[in-house]
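First up is the structure itself, then whatever we jot down about it.
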Amino acid sequence: MEIHIGQRFRKSPKYIRAILILTTLAGLSLFLLFLSLMIYVKILGPPTIAVPQSSLYYSDSGKLIGETDIGQKRYWTGLSSISQNLIDATISVEDRKFYKHHGFDIKRIAGALIADLKALDKVQGASTITQQYARNLYLGHDKTWSRKAHEALYTLRLEMNYSKEEILEGYLNTIYYGHGVYGVKAASQFYYGVDPSKLSIAQASMLAGIPKGPSRYSPIANPQLAKDRQSHVLSSMVTQTYITEKERAQADKTELTLNGKYQIEKKSHAPFFQDAVNSALKTQLKIDNRTIEMGGLKVFTTLNVKQQEIAEKAFADILSKDSSIQAALITMEPSTGEVKALVGGRNYQESPFNRATQAVRQPGSTIKPLLYYSALESGFTPSTTLLSEPTTFTFDKGEPSYTPHNYNNQYANGELTLAQAIALSDNVYAVKTHLYLGKDALIKTARKFGITAKMAHVPSLALGTSGVRPIEMVNAYSILANGGKEVEPTFITKVENAKGEVIFESAPQEKQLLDPARTAVMNGMLTGVFDSKLNGYTKVTGSTILPEISRIYAGKSGSTSTDSWMIGYTPELVTGVWTGYDQTKKITNPTEKMYAKKLWIRFMEQSLKGEPVKSFPQPKDVINVAVDPISGKLSTDDCPVSRLTAFVKGTEPQEFCTQSNPEKTEKKVPKLDDKKAPWYKRFLKIWQ
């Protein structure tokens, strides 16, 4: 009798007991291992699902005008804003059991494993949507077992800490659809020019087929392969009963129109303005570069698209292509300080230097309204007269003498009123006023008006020889236009983070900075720049554009040998234009000297077209009286010209004019009795 010891041993109770013990221990070990893994995953907590997103910039009307450029188009949209057609198409082709498994489809994994073993390589994928989402967020796409292990860990963490809806939403917002486009919102816009909520079955099935191989199945790159892939997706949707056979056939034969354009090209709208917005985000809101570029911010700006287009077209139409002269334009809403349009140069691609906000240039006579406001505070009125004739100013303590010149060396050779001096831009009057007030007075007033640039304590400061930034000059005029209230240039009204939470919202604070009555008087005098009634011995400085003016404007032009300016306003809009060469070359071409005024009037007239004409408001302590513009005295029948002029009550002239015809009046310097001469003339007697 032959006995096999091995067989007897395997049938013995001890053997069976040993097997049971080993099996139990193995099962217990696996359970403990699994339990430890679950505890470990739970301790790790939810992994961050934040991804880089483009920050979006919107105009004052809510129109998308730009986005940050990080080399990828990435936007985020909620699941409720995604077409159900795309959701169904994606699930049917990528992960049919998405709502039933806990991150892994065991049956698919087994099938893929068998296929890989047969081929001795990784040839078939079995990744669920959760696994793909984990890979998109945290890992690369290399086919290694190490990467798969990390992927499995992240998959467990996602499934344990987020709902299926959150995972699906994240997946659809991070998956790559080719052409630098990530997520369904960017893809819908790029391929079809529509919002993801509007995708049809045909569009959705085409999109859902792309992620398997974005370069291979892009309908733009490979139309036929994309069509074949779409048919496969549609068949899967029928199998999963998401659509009917009839709907499949209809979608399959639908001819799709492809867009092939990004929602917005890099800085294609108002690029200089967008740079200013970026600067404000950094300097005023203290938001770091990374958050600005990849934080998915929604930045609501003050830009008025219509006015921006008017400004840019004016630049294209008026500035000669044969000239290399540069220009800048800023327009603001004076009541809020909101910047509505900004052009910082002729061509952003050639030179992104923002001349509107960064350039420091001599303002010329546009500084005079600040000087004369200071004069009003010191007792001047629109009728205050000073002698204007060629004058050399000499000083003590070895300071060099100074001889200002008027444009084309034209002088009244007689007395001018303050109102005339502004309209005619008389330089002698300005320097005398500056010296009377004291060299610090204009600097202090400029600081009150928001001018921060360093200014020299010299007589020529009254003629704008110290450089300033154009945006600061426009802001200064905004303070006059709004009745003397403090404002600052504002580019941003609200900022939301990627979660839609408001992290900044502007709240303008009204602070009365200037005396309202004197501000109204200043506004009234600045309308004289466009009033031929103030023509004393030469044309008013705004005479060249009078034929194009259709409403009441206040403003001031300015020029130096290298800079040309025009800043003017209505109660609702302030605009400043600067022109000149970057290398501070002299402007000698007469046509180029006119560019600033032409750009300004074109922009103002077209921007305000159709809007009601508004007058500047006047406080109760301001009175309007008819005066002779030559003498500044109350007009009578003997005066051929009279102009309604604003005065602070109690400062209006008391004398009546007798004759004011400049052709009949001899230009003689009156000799004044020192005791009867006004205080300001006694002070300035040394230059009379």
Side-chain angles (χ1 to χ4, degrees), residues 60 302-304 306-307 310-311 329-342 366 368-370 372-373 376 382 419 422-423 448-450 471-490 493 506 508-531 540 542 545-546 548-557 566-577 597 600-624 643-648:
D60 61 356
T302 59
L303 184 78
N304 182 294
K306 175 188 173 184
Q307 292 178 3
I310 291 171
L329 178 148
I330 312 100
T331 190
M332 293 173 58
E333 188 178 89
S335 60
T336 62
E338 293 185 359
V339 178
K340 293 300 179 181
L342 185 147
T366 59
K368 290 177 181 176
L370 280 61
Y372 292 137
Y373 178 82
L376 291 177
I422 292 175
K448 183 187 294 186
F449 275 84
I471 195 167
E472 290 188 347
M473 286 301 299
V474 176
N475 187 70
Y477 277 60
S478 291
I479 296 172
L480 292 172
N482 68 26
K485 296 181 178 66
E486 184 177 27
V487 289
E488 292 183 357
T490 300
T493 57
S506 63
Q509 300 293 324
E510 284 198 2
K511 176 184 176 183
Q512 193 67 38
L513 190 67
L514 309 180
D515 176 67
R518 293 188 180 97
T519 303
V521 171
M522 194 71 240
N523 288 335
M525 287 194 290
L526 288 173
T527 63
V529 170
F530 308 105
D531 189 347
V540 292
I545 55 175
L546 282 178
E548 301 175 66
I549 289 178
S550 66
R551 62 184 63 227
I552 300 170
Y553 293 110
K556 188 73 187 74
S557 61
M566 182 65 217
I567 309 176
Y569 53 95
T570 63
E572 67 268 41
L573 199 66
V574 181
T575 300
V577 177
K597 290 179 182 177
W600 179 83
I601 192 60
R602 168 80 70 87
F603 176 83
M604 292 296 283
E605 285 291 314
Q606 292 191 4
S607 293
L608 296 171
K609 186 177 182 180
E611 297 294 325
V613 176
K614 295 182 179 180
S615 299
F616 293 99
Q618 290 191 350
K620 293 180 180 180
D621 52 349
V622 171
I623 186 172
N624 291 306
R643 185 177 194 268
L644 204 62
T645 304
F647 292 84
V648 177

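Because the structure is predicted, anything quoted here is derived from the model rather than measured.
A 4.5 Å side-chain heavy-atom check between Met566 and Ile601 finds every atom pair outside the cut-off. Counting heavy atoms from C-beta outward, Ile545 and Trp600 have side chains that approach closer than 4.5 Å. Annotation: side chain of Tyr569 is not in contact with side chain of Ser478 (no heavy-atom distance under 4.5 Å). Residues Val487 and Ile479 meet the side-chain proximity criterion, which asks for heavy atoms closer than 4.5 Å. The shortest distance between side-chain heavy atoms of Tyr553 and Glu605 falls below 4.5 Å. With a 4.5 Å cut-off on side-chain heavy atoms, Met525 and Leu376 count as touching. Within the 4.5 Å cutoff, side-chain heavy atoms of Thr302 are placed close to those of Thr493.
Here the straight-line distance linking atom OG1 of Thr336 with atom NZ of Lys485 works out to 12.5 Å at 0.5 Å rounding. Separation of atoms OH (Tyr373) and CG (Asn523) is listed at 10.5 Å; rounding is to 0.5 Å. Put simply, NZ on Lys340 and CD on Glu333 are 5.0 Å apart, with the number rounded to the nearest 0.5 Å. With values rounded to the nearest 0.5 angstrom, Met332 atom CE is found 10.5 Å from Leu342 atom CG.
With sequence neighbours left out, the salt bridge (charged side-chain N to carboxylate O under 4.0 Å, His left out) criterion links Lys556 to no other residue. Listed by chain and residue number, Phe530, Ser543, Ile549 satisfy the side chain to side chain contact (heavy atoms under 4.5 Å, CB included) test with Leu546 (two or more places apart in sequence, or in another chain).
Closest of all the heavy-atom pairs between Leu573 and Met604 is O-CE, 3.7 Å. Residues Pro571 and Lys614 share a closest heavy-atom pair of CD-O, 3.8 Å. The minimum heavy-atom distance linking Gln618 with Ala646 is given by the pair NE2-CB, 3.7 Å. Arg551 and Pro612 get closest at one heavy-atom pair: NH1-O, 3.4 Å. Between Gln512 and Gly483, the closest heavy-atom pair is NE2-O, 2.9 Å. Across all non-hydrogen atoms, the minimal contact from Pro369 to Leu526 is CG-CD2, 3.8 Å.
The backbone N or O of Gly524 sits less than 3.5 Å from a side-chain atom of Thr527, completing a donor-acceptor pair. Proximity of a side-chain donor or acceptor of Thr490 to a complementary backbone N or O of Glu488 within less than 3.5 Å is detected. Formation of a donor-acceptor pair under 3.5 Å by the Asn475 side chain with backbone atoms of Gly337 is not found in this model. With Thr331 contributing its side chain and Val574 its backbone, the two residues share a donor-acceptor pair below 3.5 Å. No donor-acceptor distance shorter than 3.5 angstrom exists from the side chain of Asn304 to the backbone of Asp60, with no hydrogens or angles considered.
Applying side-chain contact (heavy atoms from CB on, under 4.5 Å) to Val521 and the options Thr645, Ile623, Val648 leaves one that passes, Val648.
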Take Leu480 and Thr519, measure what side-chain contact (heavy atoms from CB on, under 4.5 Å) needs, and give me the verdict at the end. CA-CA 6 Å; Leu480 292 172; Thr519 303; 4.2 Å; yes
Apply the test side-chain contact (heavy atoms from CB on, under 4.5 Å) to residues Leu608 and Glu572: give CA-CA distance (whole Å), side-chain angles for both, the deciding distance (0.1 Å), then the verdict. CA-CA 9 Å; Leu608 296 171; Glu572 67 268 41; 3.8 Å; yes
Checking Phe449 against Glu472 for the side-chain contact (heavy atoms from CB on, under 4.5 Å) test, could you report, in this order, the C-alpha distance in whole Å, the side-chain angles of both residues, the deciding distance, and whether it holds? CA-CA 8 Å; Phe449 275 84; Glu472 290 188 347; over 6 Å; no
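Evaluation of the salt bridge (Lys or Arg N to Asp or Glu O under 4.0 Å) test over residues 512-524, restricted to residues two or more places apart or in two chains, returns Asp515-Arg518.
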